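In what follows, a single structure is set out as structure tokens and then discussed.
Keep in mind that this is a model prediction, so the values were computed, not measured. By convention in this document, chain letters (A, B, ...) are assigned in the order of the sequence lines, proteins followed by strands, and residues within each chain are numbered from 1.
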Protein chains: 2
Amino acid sequence: MENNLDSAFHALADPTRRAVIGRLMDGPAPVTELARPFEIGLPTFLKHLRVLEQGGWIRSEKRGRVRTCHVRPERLHAAERWLAEQRAIWDARTDRLADYVETHLAAEDRR
Amino acid sequence: MENNLDSAFHALADPTRRAVIGRLMDGPAPVTELARPFEIGLPTFLKHLRVLEQGGWIRSEKRGRVRTCHVRPERLHAAERWLAEQRAIWDARTDRLADYVETHLAAEDRR
DNA sequence: CATATAATTCGCCATATGGAAAACAATCTC
DNA sequence: GAGATTGTTTTCCATATGGCGAATTATATG
């Protein structure tokens, strides 16, 4: 896990972490409140937060004894961009396929 | 790794696997050709293919001694859909924020 | 101060992951 | 059929992951 996308996608590969992102998209929250919906221990939950932070999805600051987490929605861009690129390659390919059909099969029709 | 999105995103969390998807978007290919650009052994590469297959990104058939892999571009939908959902939550939130600014701070201006 | 709360650290464990080498199997091709 | 090519299986290894409970550190609050 070194690359940006590596850690970004890896962070998404877990339902707990996706849920946390979803929750945080709705607004910042402290750790304990974030953890409440899940049935895992706090230490484990903290690990998930670290993965999310490392993946660039969240950030957090501590004031007093409470750490407040908030999402970094910019991360959506990187992920979306990669998917869009793949779609572009795919589209280009299907275009070439259309070309092929047009130049070859259509020619065949004309025979 | 049981959920759809879990395995789908997990498959994306590795540069080799993302590259394979990119390559396959361009058209089907046999295993050895797919593996050529990478500096890992075939057995290791096969594991990556299995992860991609399990994540729903590729499919493959064997004819004679060659196994041909092709991408399943539908998988893009699931991933894109999740990201779009998050963006929607985020947008709803910023809308509420705009409401708040309008009803409260703007009122303050009028004082 | 005594206690409750919020978060963190520390071991510990089972399983998964990404890598390798070696041997094996199947199928072309000469 | 001999030999090359293409995948596959097996075994092994180091490290990462996701989980736990227990102990610890801050910081509020009665």
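In this structure, the side chain of R23(B) does not engage the main chain of L34(B) through any donor-acceptor pair within 3.5 Å. R17(A) contributes no side-chain N or O that, together with a main-chain N or O of L12(A), makes up a donor-acceptor pair within less than 3.5 Å. For the pair R72(A) (side chain) and L76(A) (backbone), a donor-acceptor distance under 3.5 Å is absent. With W57(A) contributing its side chain and A8(A) its backbone, the two residues share a donor-acceptor pair below 3.5 Å.
Using a 4.0 Å heavy-atom distance criterion, L42(A) is classed as a base contact. Looking at heavy-atom distances under 4.0 Å, P30(B) makes contact with sugar-phosphate atoms alone, never a base. Using a 4.0 Å heavy-atom cutoff across all strands shown, E33(B) reaches no nucleic acid atom at all. L46(A) comes within 4.0 angstrom of a base, heavy atoms only.
Closest approach of L5(B) and W82(B) over heavy atoms only: CD1-CD1, 3.6 Å.
Here T44(B) reaches the OP1 or OP2 of dA20(C): one of its side-chain N or O atoms lies under 4.0 Å away. Proximity of R63(A) to the phosphate of dA6(C): no side-chain N or O atom is located under 4.0 Å from OP1 or OP2. Between R65(B) and dT8(D) there is no side-chain N or O to OP1 or OP2 distance below 4.0 Å.
Checking dG18(C), dG19(C), dT9(D) against the side-chain heavy atoms of H48(B) singles out dG19(C) as nearest. Here the side chain of I40(B) is nearest to one of dT9(D), dG19(C), dG19(D), namely dG19(C).
Rounded to whole Å, atom P of dT27(C) lies 7 Å from atom NZ of K62(B). With rounding to whole Å, L49(A) atom CG is found 15 Å from dA6(C) atom P. Rounding to whole angstrom units, CG of residue L52(A) and C1' of dT17(D) are separated by 14 Å. Rounded to whole Å, atom P of dT17(C) lies 17 Å from atom CZ of F45(B). Between F9(B) atom CZ and dA16(C) atom C1' there is a gap of 20 Å when expressed in whole angstrom units. Put simply, CZ on R50(B) is 7 Å from P on dT9(D), counting in whole angstrom units. Put simply, CG on L34(B) is 19 Å from P on dT5(D), counting in whole angstrom units.
For K47(A) and V66(A), each mapped to the nucleotide of DNA chain D holding its nearest heavy atom, the one lying further toward the 5' end belongs to K47(A). Taking the nucleotide of DNA chain D with the nearest heavy atom to each of R67(B) and T16(A), the more 5' of the two is matched to R67(B).
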